[in-house]
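Reckoned from all heavy atoms, side chains included, excluding hydrogens, waters and symmetry mates. These numbers come from a predicted model, not from an experiment.
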Amino acid sequence: MQNNMKAVILAAGKGTRMKSDLPKVVHTIHGKCLVDYVIEAARGAGAQDICLVVGYKQDVVCSSILHKDVTFTLQPEQLGTGHAVKCAREFLGNDGTTMILFGDTPLITADTLSRFAQYHEKHQNAVTVLSARADNPYGYGRIIRDAEGKFVKSVEHKDATEAERESHEINSGMYLFDTLQLKEALDQLRPDNAQGEYYLPDTLEIIKRKGLRVDAFMLDNPEDISGVNDKEQLAQAADIIAKRQNV
């Protein structure tokens with residue numbers, strides 16, 4: 001089990017595609033908020049401390065979740081995933097490992113995150129991306145590897161070349177970082193993109209340029225990393241969780 005591991009769960013979004021006034025992460029499956037499933041998975045994988053980055057209707061998020069033994073930090077405006085993690089800077093500390101997760105991925109499991117953490121530790125990586133092989137990778141960031149299978153980079157779909165889009169390995173947006181390297185990389189993030197946002201994936205290149213190990217741990221099945229963006233996906237996730245609990 002990972003020593004001194006913290007988890008930061010990004011839970012600030014509104015989730016407009018849910019067509020609801022409720023923050024996306026407090027929609028429920030079997031009586032439990034989406035983000036509660038993520039908190040339980042992180043705890044089960046060995047995260048001692050957990051921080052929720054909240055924003056839209058943060059009071060509703062804080063009062064709705066079952067797990068009250070977490071830290072909350074506010075992202076006052078949504079300026080990208082890198083900015084969200086920056087908002088949790090004080091929580092991070094200066095040592096150990098930081099796991100980055102999303103509050104709208106209720107299918108992630110403690111078992112998957114434990115294997116992810118073991119891989120990160122075994123290979124002594126400065127950062128590891130949780131990735132998966134997808135039949136239809138359209139729209140996702142791609143993991144690019146060299147001929148030997150070593151990680152080269154993660155590239156957003158819109159920025160990828162035709163050849164890079166041939167990759168079916170997708171970036172889940174979930175990461176394990178050496179905490180100190182994460183903090184140093186966050187300081188170097190710049191909003192040099194059309195959205196004017198701070199992108200967390202940009203930290204991979206910053207860390208790799210230092211000559212440190214950046215890698216990806218690939219799942220065979222993308223089910224665990226599936227996000228919930230609308231009512232249809234909420235129903236699909238509920239079906240999967242029901243099937244898992246009946247096993």
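Looking at heavy atoms from C-beta onward, Val38 lies in side-chain contact with Thr105 at the 4.5 angstrom threshold. Using a 4.5 Å heavy-atom cutoff, the side chains of Gln181 and Ile206 are not in contact. Side-chain contact between Asp69 and Ile39: absent, with no pair of heavy atoms (C-beta onward) separated by less than 4.5 Å. Residues Gln58 and Leu74 form a side-chain contact, since some pair of their non-hydrogen atoms from C-beta on lies under 4.5 Å apart. Using a 4.5 Å heavy-atom threshold, the side chains of Glu156 and Pro201 count as touching. Between Arg142 and Pro137 there is a side-chain heavy-atom pair separated by less than 4.5 Å. No side-chain heavy atom of Val85 sits less than 4.5 Å from a side-chain heavy atom of Tyr198. Residues Arg145 and Asp215 form a side-chain contact, since some pair of their non-hydrogen atoms from C-beta on lies under 4.5 Å apart.
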Salt bridge (Lys or Arg N to Asp or Glu O under 4.0 Å) between Asp111 and Arg115, worked out: CA-CA 6 Å; Asp111 176 65; Arg115 289 188 292 120; 3.5 Å; yes
Kindly determine whether Asn125 and Leu176 satisfy side chain to side chain contact (heavy atoms under 4.5 Å, CB included), including the steps that lead there. CA-CA 9 Å; Asn125 295 334; Leu176 275 162; over 6 Å; no
For the pair Arg244 and Asp224, evaluate salt bridge (Lys or Arg N to Asp or Glu O under 4.0 Å) and give the outcome as yes or no after the intermediate values. CA-CA 12 Å; Arg244 288 177 177 180; Asp224 275 20; 2.8 Å; yes
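Annotation: the span from Thr179 atom OG1 to Met99 atom CE amounts to 11.0 Å, rounded to 0.5 Å. Distance OG1/Thr81 to NZ/Lys86: 12.0 Å, rounded to 0.5 Å. The distance from the CE atom of Met174 to the CZ atom of Phe102 is 7.0 Å, given to the nearest 0.5 Å. Taken from CG in Asp230 to NE2 in His27, the straight-line distance is 10.5 Å, to the nearest 0.5 Å.
Not counting sequence neighbours, His67 has no partner by the ring-ring contact (aromatic ring centres under 6.0 Å, His included) test. Under the side-chain hydrogen bond (donor to acceptor under 3.5 Å, both in side chains) criterion, Tyr199 pairs with Gln195, not counting sequence neighbours.
The aromatic rings of Phe217 and Tyr119 are tilted relative to each other, their planes meeting at an angle between 30° and 60°.
Counting only distance, with no hydrogens or angles, the side chain of Ser172 and the backbone of Leu130 share a donor-acceptor pair below 3.5 Å. Ser63 places a side-chain N or O within donor-acceptor distance of the main-chain N or O of Val60, the cut-off being under 3.5 Å. A donor-acceptor pair is defined here as one N or O able to donate and one able to accept, closer than 3.5 Å; no such pair exists between the side chain of Lys183 and the backbone of Leu92. Thr112 places no side-chain N or O within 3.5 Å of a backbone atom of Ile108 that could act as its donor or acceptor partner. A donor-acceptor contact shorter than 3.5 Å links the side chain of Gln78 to the backbone of Ala12.
Surrounding NZ of Lys19 are at most 12 heavy atoms belonging to other residues, nucleotides or ligands under 6.0 Å away. More than 12 heavy atoms of other residues, nucleotides or ligands shown are found within 6.0 angstrom of CG on Asp187. Applying the 6.0 Å contact sphere to NZ of Lys158 captures more than 12 heavy atoms from other residues, nucleotides or ligands. By the neighbour-count criterion of 12 heavy atoms within 6.0 Å, atom CG of Asp21 is sparsely surrounded, having that number or fewer from other residues, nucleotides or ligands. The number of heavy atoms from other shown groups lying within 6.0 Å of NZ (Lys153) does not exceed 12. Around atom NZ of Lys210, more than 12 heavy atoms belonging to other residues, nucleotides or ligands sit under 6.0 Å away.
Clustering of Ile, Leu, Val, Met, Phe, Trp and Tyr by side-chain heavy atoms under 4.5 Å joins Ile29 with Met18, Leu34, Tyr37, Leu107, Val228, Leu234, Ile240, Ile241.
The side-chain contact (heavy atoms from CB on, under 4.5 Å) test with Ser154 is passed by exactly one of Asn171, Val214, Val129: Asn171.
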